[in-house]
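These numbers were taken from a predicted model, which means no experiment stands behind them.
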Amino acid sequence: IDYTEFLAATIDQERVLTDDVLRKAFVALDHNGDGKISRRELRSAIPVSPHAVGRIMKEVSRRGSRTIEFDDFKAMMTR
């Protein structure tokens, strides 16, 4: 186990992933400020294939929409 793995295993997510921290991360991804992360916004943030972005969107969006809203984002980050 390396240092990064150790930290990941021992960090208390409830202290680190507060609503404020999650909101700031969400806003950073929501480039146009509409309260939703689109496929284009997600793709510009993480360098993966369009297919991978589609899978992520499908898995994370709990409403089956083509966007990720804050509650979807929070649920994904706190799993």
Side-chain angles (χ1 to χ4, degrees):
I1 186 167
D2 67 21
Y3 183 68
T4 303
E5 292 170 327
F6 172 76
L7 285 179
T10 58
I11 288 176
D12 182 356
Q13 284 191 349
E14 289 182 20
R15 280 195 233 166
V16 176
L17 297 177
T18 64
D19 276 358
D20 185 51
V21 169
L22 290 170
R23 179 68 64 184
K24 287 177 183 176
F26 182 84
V27 167
L29 296 171
D30 178 18
H31 299 156
N32 68 1
D34 68 352
K36 302 170 187 169
I37 299 171
S38 68
R39 287 176 181 255
R40 177 175 283 152
E41 290 167 329
L42 185 60
R43 180 114 201 258
S44 73
I46 55 175
V48 296
S49 72
H51 179 70
V53 169
R55 285 195 333 253
I56 293 167
M57 298 297 284
K58 184 177 180 180
E59 181 180 323
V60 173
S61 178
R62 295 185 297 173
R63 288 171 201 75
S65 66
R66 295 182 169 218
T67 59
I68 298 172
E69 296 182 26
F70 178 71
D71 60 334
D72 301 326
F73 181 77
K74 181 178 176 179
M76 174 193 66
M77 296 300 292
T78 57
R79 283 187 203 168

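Once rounded to the nearest 0.5 Å, the distance linking CD1 of I37 with CG of N32 reads 10.5 Å. If you take OG1 on T67 and CD on E41, they are separated by 9.5 Å, rounding to the nearest 0.5 Å. Atoms CZ and NE2, on R40 and H31 in that order, are 11.5 Å from each other to the nearest 0.5 Å. With rounding to the nearest 0.5 angstrom, the CG atom of D19 is 12.0 Å from the NZ atom of K24. The CD1 atom of I68 sits 9.5 Å away from the CZ atom of R39 when rounded to the nearest 0.5 Å.
The residue from R23, R62, K36 that alone fulfils the salt bridge (charged side-chain N to carboxylate O under 4.0 Å, His left out) condition with D71 is R62.
Here the side chains of R43 and P50 are in contact, with some heavy-atom distance below 4.5 Å.
V60 and M76 make their closest contact through CG2-SD, 3.4 Å (heavy atoms, listed as atom of the first residue, atom of the second, distance). Between M57 and S38, the shortest heavy-atom distance links the atoms CE-C, 3.9 Å.
Contacts of F73 classified as ring-ring contact (aromatic ring centres under 6.0 Å, His included), with partners at least two apart in sequence or in another chain: F26.
Under the 4.5 Å side-chain contact rule for hydrophobic residues, V27 and I46 do not share a cluster.
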